[in-house]
Amino acid sequence: MPASSSAARAIFYGGLLCGICDIAQAFLAWGLLMNVPPIRILQSVASGALGAESFQMGWTSGLAGVFFHFLIAFGAATVYWVASRFIPFLIKHAVPAGMIYGECVYLFMNFVVVPLSRIHHFPNLTLPHILTGPIGHVILVGPPIALMSRKYSQSTLT
């Protein structure tokens with residue numbers, strides 16, 4: 001398999017799995033613990049780009065939230081794949097590296113992206129935030145990306 005095809009597959013499947021796992025955990029944690037409906041969660045994602053108006057836009061901003069959520073997931077998968085070309089540890093030890101990477105993604109999102117977004121502030125530390133953030137990212141964000149990078153690296157690394 002050509003290296004470009006391996007990269008595309010690793011990024012696509014890593015980003016897709018990461019995105020699905022991450023949004024599913026958000027729906028479950030926020031829905032069960034705080035009674036927040038899925039559309040509100042998606043609008044919250046969109047509010048980073050659209051601001052508070054996002055919560056008044058119905059499914060338009062909900063779909064924008066899906067787009068932004070997966071854009072971020074595919075971006076995270078791309079960064080991991082590129083880094084893994086230079087740091088073999090990321091492929092050789094995909095699970096622990098992915099767990100560390102998941103936490104790094106969480107920290108980057110909350111201390112760089114969110115302050116620069118139209119949200120501007122770190123979210124309140126509620127139980128759902130802790131479950132989906134510092135805990136969930138270690139399990140459901142980094143490892144799927146790392147494992148897909150390892151899977152599709154087998155034919156390109158010697």
Side-chain angles (χ1 to χ4, degrees), residues 7-84 90-91 93-152:
R9 287 183 176 155
I11 291 165
F12 176 77
Y13 289 116
L16 183 66
L17 285 173
C18 162
I20 290 170
C21 291
D22 187 42
I23 203 67
Q25 73 167 336
F27 289 166
L28 284 171
W30 287 96
L32 293 175
L33 297 173
M34 302 295 274
N35 204 29
V36 177
I39 186 151
R40 186 83 169 166
I41 294 164
L42 296 172
Q43 290 170 330
S44 177
V45 173
S47 72
L50 304 176
E53 313 79 76
S54 173
F55 298 104
Q56 309 305 317
M57 297 172 65
W59 277 104
T60 301
S61 59
L63 291 174
V66 171
F67 171 79
F68 290 127
H69 175 74
F70 280 96
L71 180 67
I72 292 165
F74 290 123
T78 301
V79 168
Y80 192 93
W81 174 265
V82 171
S84 74
L90 299 177
I91 298 302
H93 302 285
V95 173
M99 293 173 79
I100 293 166
Y101 185 66
E103 195 62 22
C104 290
V105 169
Y106 166 76
L107 293 170
F108 182 78
M109 289 301 300
N110 283 279
F111 292 103
V112 176
V113 174
V114 170
L116 294 174
S117 75
R118 293 191 61 193
I119 299 169
H120 303 298
H121 63 84
F122 188 81
N124 296 328
L125 286 178
T126 60
L127 181 57
H129 176 81
I130 293 167
L131 291 174
T132 60
I135 295 172
H137 277 65
V138 169
I139 301 165
L140 298 172
V141 170
I145 290 170
L147 290 169
M148 289 299 103
S149 289
R150 181 173 69 187
K151 176 178 179 168
Y152 291 104

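It should be emphasised that the depicted structure is a prediction, and the values quoted were computed from it without experimental measurement.
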Worksheet item: Is the backbone of Q43 close enough, under 3.5 Å, to the side chain of S54 for a donor and an acceptor to pair up by distance?
Response: yes
Worksheet item: Can you list the residues that meet the ring pair (Phe, Tyr, Trp, His ring centres under 6.0 Å) rule with F55, with sequence neighbours excluded?
Response: none
What is the minimum heavy-atom distance between [X] and [Y], and which atoms define it?
X: Q25; Y: L140; result: OE1-CD1, 3.6 Å
X: A146; Y: A94; result: CB-O, 3.2 Å
X: G98; Y: Y80; result: N-OH, 4.0 Å
X: S117; Y: G48; result: CB-O, 3.3 Å
X: I145; Y: G14; result: CG1-O, 3.7 Å
X: I41; Y: A26; result: CD1-O, 3.5 Å

Fill in: Pairs meeting criterion ring pair (Phe, Tyr, Trp, His ring centres under 6.0 Å) with involvement of residues 28-52, two or more places apart
none
Item to complete: Output all residues satisfying salt bridge (Lys or Arg N to Asp or Glu O under 4.0 Å) with R118, sequence neighbours left out; order by chain, then residue number.
Response: E53
Drop me the distance from [X]'s [atom1] to [Y]'s [atom2], to the nearest 0.5 angstrom.
X: Q56; Y: L50; atom1: CD; atom2: CG; value: 12.0 Å
X: C18; Y: I23; atom1: SG; atom2: CD1; value: 10.5 Å
X: I39; Y: F27; atom1: CD1; atom2: CZ; value: 9.5 Å
X: L16; Y: C21; atom1: CG; atom2: SG; value: 9.0 Å

Sequence neighbours left out, cut at 3.5 Å: what donor-acceptor pairs do the side chains of residues 62-76 make with other protein atoms?
| from | atom 1 | to | atom 2 | distance (Å) |
| --- | --- | --- | --- | --- |
| H69 | NE2 | G19 | O | 2.8 |

Worksheet item: Any side-chain heavy atom of V95 sitting closer than 4.5 Å to one from P143?
Response: no
Practice prompt. Could you name each residue pair satisfying side-chain hydrogen bond (donor to acceptor under 3.5 Å, both in side chains) that touches residues 127-140, not counting sequence neighbours?
Written response: Y106-H129
Worksheet item: When you look at Y152 and I11, which way does the side-chain contact (heavy atoms from CB on, under 4.5 Å) test go after all the steps?
Response: CA-CA 9 Å; Y152 291 104; I11 291 165; over 6 Å; no
Worksheet item: Considering residues at least two apart in sequence or located in another chain, which fulfil the side-chain contact (heavy atoms from CB on, under 4.5 Å) criterion with L33?
Response: L127, P128, L131
